[in-house]
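One structure is given below, encoded as structure tokens.
In this text, all values refer to a predicted model and were calculated from it rather than measured experimentally.
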Amino acid sequence: MVACMQFINIVVHSVEDMNFRVHLQYEFTKLGLEEFLQKSRHTESEKLQVQIQAYLDNVFDVGGLLEDAETKNVALEKVEELEEHLSHLTEKLLDLENENMMRV
């Protein structure tokens, strides 16, 4: 089992392309790896525990990544609104400064 988990870790986590890595993780999940990991979590084999933890530590959480992307998009929209508002305030400040300079 340790050798199998090492093989899975090497196959999945040596891939640099994130999309392909997620695809490989999905395929292993469809083959029942998640259930195996749940059952084997309490095994006495320390080497197997290390391999299981290595797999779990490197799993891409696609849902989390999507949430992060949405949060980033909302933040970027807010930054754009604030920059536009700042631009209007700067323009207004320049107009007021020009008016005051003319009065002086």
Side-chain angles (χ1 to χ4, degrees):
M1 284 193 279
V2 174
C4 288
M5 278 308 300
Q6 277 181 316
F7 174 75
I8 290 171
N9 281 330
I10 290 168
V11 168
V12 173
H13 300 128
S14 65
V15 176
E16 290 187 27
D17 181 17
M18 185 176 73
N19 290 329
F20 190 60
R21 185 182 293 192
V22 169
H23 172 72
L24 289 172
Q25 290 171 345
Y26 175 75
E27 289 296 323
F28 280 115
T29 299
K30 289 204 47 131
L31 292 171
L33 183 62
E34 299 277 328
E35 294 167 18
F36 170 76
L37 295 178
Q38 291 301 321
K39 291 176 187 175
S40 300
R41 264 202 137 146
H42 306 291
T43 185
E44 293 182 17
S45 171
E46 190 174 316
K47 289 180 180 181
L48 182 57
Q49 287 291 339
V50 168
Q51 291 302 317
I52 290 172
Q53 196 58 48
Y55 181 82
L56 295 174
D57 287 345
N58 291 309
V59 170
F60 278 116
D61 179 14
V62 176
L65 291 173
L66 287 174
E67 283 181 23
D68 290 348
E70 288 176 18
T71 302
K72 178 185 172 190
N73 288 337
V74 168
L76 288 175
E77 288 174 9
K78 185 66 175 175
V79 166
E80 189 176 312
E81 288 175 20
L82 291 172
E83 285 176 341
E84 187 175 314
H85 184 66
L86 180 62
S87 173
H88 289 306
L89 290 176
T90 303
E91 189 176 306
K92 194 173 189 179
L93 179 63
L94 287 174
D95 288 344
L96 289 172
E97 284 179 351
N98 286 336
E99 285 178 26
N100 285 333
M101 291 299 278
M102 289 191 167
R103 285 185 192 161
V104 171

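Put simply, the side chain of Leu33 reaches to within 4.5 Å of the side chain of Tyr55, judged on heavy atoms. For the pair Met18/Leu65, a side-chain contact is recorded, criterion being any heavy-atom separation below 4.5 Å from C-beta on.
In terms of hydrophobic clustering, with Ile, Leu, Val, Met, Phe, Trp and Tyr side chains grouped at heavy-atom distances under 4.5 Å, Phe7 and Leu37 are assigned to a common cluster. Both Ile52 and Val11 are members of a single hydrophobic cluster when ILVMFWY side chains are connected at heavy-atom separations under 4.5 Å. Follow the hydrophobic side-chain contacts under 4.5 Å out from Leu56 and you reach Met5 in the same cluster.
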Show me the donor-acceptor pairs within less than 3.5 Å that the side chains of residues 69-94 make with the rest of the protein, sequence neighbours left out.
residue	atom	partner	partner atom	Å
Thr71	OG1	Glu67	O	2.9
Asn73	ND2	Ala69	O	3.4
Thr90	OG1	Leu86	O	2.8

Just distance, no hydrogens or angles: give the donor-acceptor pairs under 3.5 Å from side chains in residues 20-27, sequence neighbours left out.
residue	atom	partner	partner atom	Å
Arg21	NE	Val15	O	3.2
Arg21	NH2	His13	O	3.2
Arg21	NH2	Val15	O	2.8
Gln25	OE1	Phe60	N	3.3
Gln25	NE2	Asn58	O	3.4

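In this structure, Glu97 places its CD atom where more than 12 heavy-atom neighbours from other residues, nucleotides or ligands lie under 6.0 Å away.
Residues meeting the side chain to side chain donor-acceptor pair (under 3.5 Å) test with Asp57, sequence neighbours left out: Gln53. For Thr29, the side chain to side chain contact (heavy atoms under 4.5 Å, CB included) criterion is met by Glu34, not counting sequence neighbours. Residues that satisfy the side chain to side chain contact (heavy atoms under 4.5 Å, CB included) test with Gln49, not counting sequence neighbours, are Thr43.
In this structure, the separation between CD on Gln6 and NZ on Lys47 is 8.5 Å, given to the nearest 0.5 Å.
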